[in-house]
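A short worksheet on the structure shown next.
Bear in mind that the values here come from a model prediction, so they are computed numbers and not experimental data. Each chain gets a letter, A, B and so on, in the order the sequences are listed, and its residues count up from 1.
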There are 4 protein chains.
Amino acid sequence: MPLQPHDETWKTLHTHIDEWVAVSKTHTLEGHVASYIPELANASGDILGICLMDSEGQTILSGDSNFRFTLQSISKVFSLILALMDNGEDVVFSKVGMEPTGDDFNSMLKLELIEPGIPFNPLINAGAIAISSLIAGQSPDEQIERILHFFRDIANNPSLSVNQNVFKSESDTAHRNRSLAYFLKDNGVLDQEVDDVLRVYFSHCSIEVDCTDLARMALVLAHNGVDPIRKQRLIPRRFVQIAKTFMFTCGMYNASGEFALNVGLPAKSGVSGSILTMVPGQYGIGIVGPALNRKGNSTAGVHLLGILSQEFDWSMF
Amino acid sequence: MPLQPHDETWKTLHTHIDEWVAVSKTHTLEGHVASYIPELANASGDILGICLMDSEGQTILSGDSNFRFTLQSISKVFSLILALMDNGEDVVFSKVGMEPTGDDFNSMLKLELIEPGIPFNPLINAGAIAISSLIAGQSPDEQIERILHFFRDIANNPSLSVNQNVFKSESDTAHRNRSLAYFLKDNGVLDQEVDDVLRVYFSHCSIEVDCTDLARMALVLAHNGVDPIRKQRLIPRRFVQIAKTFMFTCGMYNASGEFALNVGLPAKSGVSGSILTMVPGQYGIGIVGPALNRKGNSTAGVHLLGILSQEFDWSMF
Amino acid sequence: MPLQPHDETWKTLHTHIDEWVAVSKTHTLEGHVASYIPELANASGDILGICLMDSEGQTILSGDSNFRFTLQSISKVFSLILALMDNGEDVVFSKVGMEPTGDDFNSMLKLELIEPGIPFNPLINAGAIAISSLIAGQSPDEQIERILHFFRDIANNPSLSVNQNVFKSESDTAHRNRSLAYFLKDNGVLDQEVDDVLRVYFSHCSIEVDCTDLARMALVLAHNGVDPIRKQRLIPRRFVQIAKTFMFTCGMYNASGEFALNVGLPAKSGVSGSILTMVPGQYGIGIVGPALNRKGNSTAGVHLLGILSQEFDWSMF
Amino acid sequence: MPLQPHDETWKTLHTHIDEWVAVSKTHTLEGHVASYIPELANASGDILGICLMDSEGQTILSGDSNFRFTLQSISKVFSLILALMDNGEDVVFSKVGMEPTGDDFNSMLKLELIEPGIPFNPLINAGAIAISSLIAGQSPDEQIERILHFFRDIANNPSLSVNQNVFKSESDTAHRNRSLAYFLKDNGVLDQEVDDVLRVYFSHCSIEVDCTDLARMALVLAHNGVDPIRKQRLIPRRFVQIAKTFMFTCGMYNASGEFALNVGLPAKSGVSGSILTMVPGQYGIGIVGPALNRKGNSTAGVHLLGILSQEFDWSMF
């Protein structure tokens, strides 16, 4: 599938992006802002913003692209990569599996029912909690510090930091995640204290970014671990391959299959309404639209990506 | 089913109990002492003791009847009764259901899968944790104090107390129960803090008794809430009826149906290898035999009750 | 729990039964006639009838007691007994388990998830289908003939026969039962052809009776297998004990626990709105009220039994 | 990821394929030939064959490449495509979902537990059975005829036909599939008779091919629906896109995620030990190695594809 030459795509994007954002924005009405974390519930439901970034760092911005939000589940992709860099594949895949699952992201069903009782993959909550426990560091503080350092490097933004209000809000209310973590502890998946692991987990979920940060992080994945702007390898290629494969098969919660059919790009969503995706070899893309559909993905964001993928024939298949 | 006259049964018991205990004791070899709580794992696997008590307080003791152990799940029966006395039926059954379930005592399957997400009954762990939260009291300490007071009254033994080593051992290792409790908290079943509720729960599980204590407690249930020795009503009859019905349908974990067919008496077992049962209107019975079968019940204890039930035609059906 | 003397109970019943039936009948409005079998859907929702029979054959009839209906799941109790008489306990319990399950009567959940893949008990559909395959006979026709003969004997009614319209209606539409049966076949539980087993199963479910037939059948169980009127043993006592124990723990679908708490008698319900129950040692009781609650039990029938149990203190606990 | 120029790859393949096949063949010892269908159990476990075909129709053959086998689950890909061509996306996706599931290919778990009760995707058995019912035709015979015609066209082999022994063997023994089909019928997913639908399903599973047939069929998918040899469009591109996306996310049973990480190509396996895969835009690949791993995939075949993917950097990510 030869992509259109970059210049042409870029020109068309410039011309039409505002119109496509406007059309997609009407779909915010079908969704609901996540309410289970009080801090997230404050976001305005009619927001939609996007940033596309090419390999020279040029950006196209549209809509509420300067809205700030927390990474939430998008952080799972990069904590997975850091855990792989810290431990290698063998250790990581002794703690989490490789298979997509059609169950809710916070389901315990398969932990309880299906041997060997490790999370099905690193992108569901149970898996991401297990991954958080694998980040190198002598203490939760050191683990969090290393994560922040890594994320800042990928985003090329030294000011990225944890939104403490969101962190506190998540930490106080996430009984289900706590339940999952104790379940994992009981199954022997977690070695550390649950409270320590969850502090790491909630911290990386609460890192605050904007669409441009997302696009820059995505750009590094689109270029297989090399930041094409700084011309610097940040991640070994194999670990990017692993991350992108998981994004394709399980990145959009239990609508991953539908997204693969309708958009066809590796992507990861978060309950803040954010989506990080990319056109392999070309663009990094960051989107935010806090109104979510029943599966937990941004209604307007998914719609906008559908338009773009169809317009530019971006599906990998 | 007219029971044999008391005198004759009592005489036969006196004559044969040691022999029946000896025969049953060989079945301890088929079982294993619970290992998931370190303090329990210390018990000797070849122990078997029994106490039968009649309505005048006469006892027949055999085997290791002076062995001391903790109530574990047997305590669930009396915390249920106290919760009913504190709150009434309506409140209690808004937090737990009434149905037996063939699942493991610590399974989350039905909490997750089946509406409305409350525990299926008060004798599985999730249900008993919910019940613990309903005990009246301004603080966990006060709740524990009230439970102790109640249990001492039923057992007519003011020296009953919490075995702090077992309590600490349970509290430190019961990740699965903690997972269950956070799940319940997430489902809105628990109002209090998980740590507080579990402190109450682990405390009543860790109350130390011997077979004579069990027999006395059972005797009160056998007489519908009246202590026939002191001739004093300790529990409203309806709440004893509820407790005994649950003991019959769900008292022996997921071997309750098998026990109902083979023994046919209301009973409750604990992972300490203890069984509390009764002949309605007649005897209270306490048994301990720490070696457990796969379902969590005392192998020798269940065998001994099978002999007794068959010998004296004790099945209620 | 000493029961009231028979004469007094009988007198009170005579005086009040019509009034209690009238009160209970209002509860038919809360239920819905089973619609999944077209022939059943024809029944009028406001019907409620009862027959009580004492050990001399005296009956008290009230409401629509002459309404005719098919046994449906009530037949499972007697096919279980016949299978026990034909095969003994060991064979029967190699094909079905002994445990109650809180799942729907036609669920496959535990067949699929929980070893060893045999039905949890003989009163859920999967279990009753397995039981049907165990009835002695060279052919389905011979098996059905033997069942009819046995049921007629218990009911002391040589005219009992299969309602062919209902049989055909069930046979044509019961895709779920067919699915269950093939699942059992795949698990090695059924030796015979699925179609043959289901013909036997649907046949005994479709045997037509009235409340008096039910009461007479129940009377034999109430007297441990002896027909007290003809003074003739029809069933070995142990098999009645097994049947009554299952009725108590699993007889009312996944409301068995609730019924045990609120009525406290061994009982079996059918989707025709029928309930067979008994006062052990005393009465046989047959009820019909086609409007069902969500769990599949007669709304008015359950209500009426609640009144009677409370009035006469009939709970076994 | 720029692929190596075709000539170089082809030359390396020629040089090394026999050696790679020999190495992979040792892995047949870890697997077991499928035994659940008697006819399949006859295959020799140490077989391994491969055919690669380029866009001009040149082939590289190695190992037991002339071994003949039945398509089994590989047929699901092409029956899906035909159903899409016959009905369009909307109809097809009203009967099956789009999501991968980590459950066994013949599990009923999610049909029973998760709304709306349609199969999770068209490549698990339940989904493929639903798809079979959608093939146009006035009768099962006509449906089968149309399938054969379509498969022959894709494979450019007019002699493809149903292996009647395998068909009969499957049809006689597949109780689980029959159970699934009745479950679907009960859920309203199937309109036709179960026996008719299964005849169509077992027929396309039993179409006999060799590795060259598989490679040719794969080549058409690799070229987005155009047969590059005959230069003829056989399938609309969108439907190939759908098929390849499902192959990537769910083509290798519940090892699809692992295969995506380790090989990274769209593929479909069958219990005959066959694998159809492709290098998009370039080659069609057919493999057979009847010894299966626990997940149902050819041990040696998966190993061989791992070597090839790594050697030539074929992963799409």
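Judged by distance alone, with hydrogens and angles left aside, the side-chain atoms of B/Ser169 form a donor-acceptor pair with the main-chain N or O of B/Glu39 at under 3.5 Å. The backbone N or O of A/Ile124 sits less than 3.5 Å from a side-chain atom of A/Asn121, completing a donor-acceptor pair. Counting only distance, with no hydrogens or angles, the side chain of B/Ser179 and the backbone of A/Ser179 share a donor-acceptor pair below 3.5 Å.
Residues B/Lys76 and B/Phe246 have side chains not in contact (no heavy-atom distance under 4.5 Å, counting atoms from C-beta outward). A/Val91 has its side chain within reach of A/Leu134: a pair of non-hydrogen atoms, C-beta onward, lies under 4.5 Å apart.
No side-chain donor-acceptor contact under 3.5 Å links B/Thr70 and B/Asn163.
Against chain A, the residues from residues 99-111 of chain B that qualify, each with a non-hydrogen atom under 4.5 angstrom away, are B/Asn106, B/Ser107, B/Met108, B/Leu109 in number order. Contact residues of residues 185-201 of chain A toward chain B are A/Lys185, A/Asp186 (heavy-atom distance under 4.5 Å).
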Practice item. Report the C-alpha distance between B/Phe69 and B/Glu208 in whole Å, list the side-chain angles of each, state the deciding distance to 0.1 Å, and finish with yes or no for side chain to side chain contact (heavy atoms under 4.5 Å, CB included). Key: CA-CA 5 Å; B/Phe69 51 91; B/Glu208 195 175 285; 6.0 Å; no

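Below 30°, between 30° and 60°, or above 60°: for A/Phe151 and A/Phe78 the angle between ring planes is above 60°, a perpendicular geometry.
Taking the ring axis of B/Tyr253 as reference, the NZ or CZ atom of B/Lys268 stays within 45° of it and closer than 6.0 Å to the ring centre.
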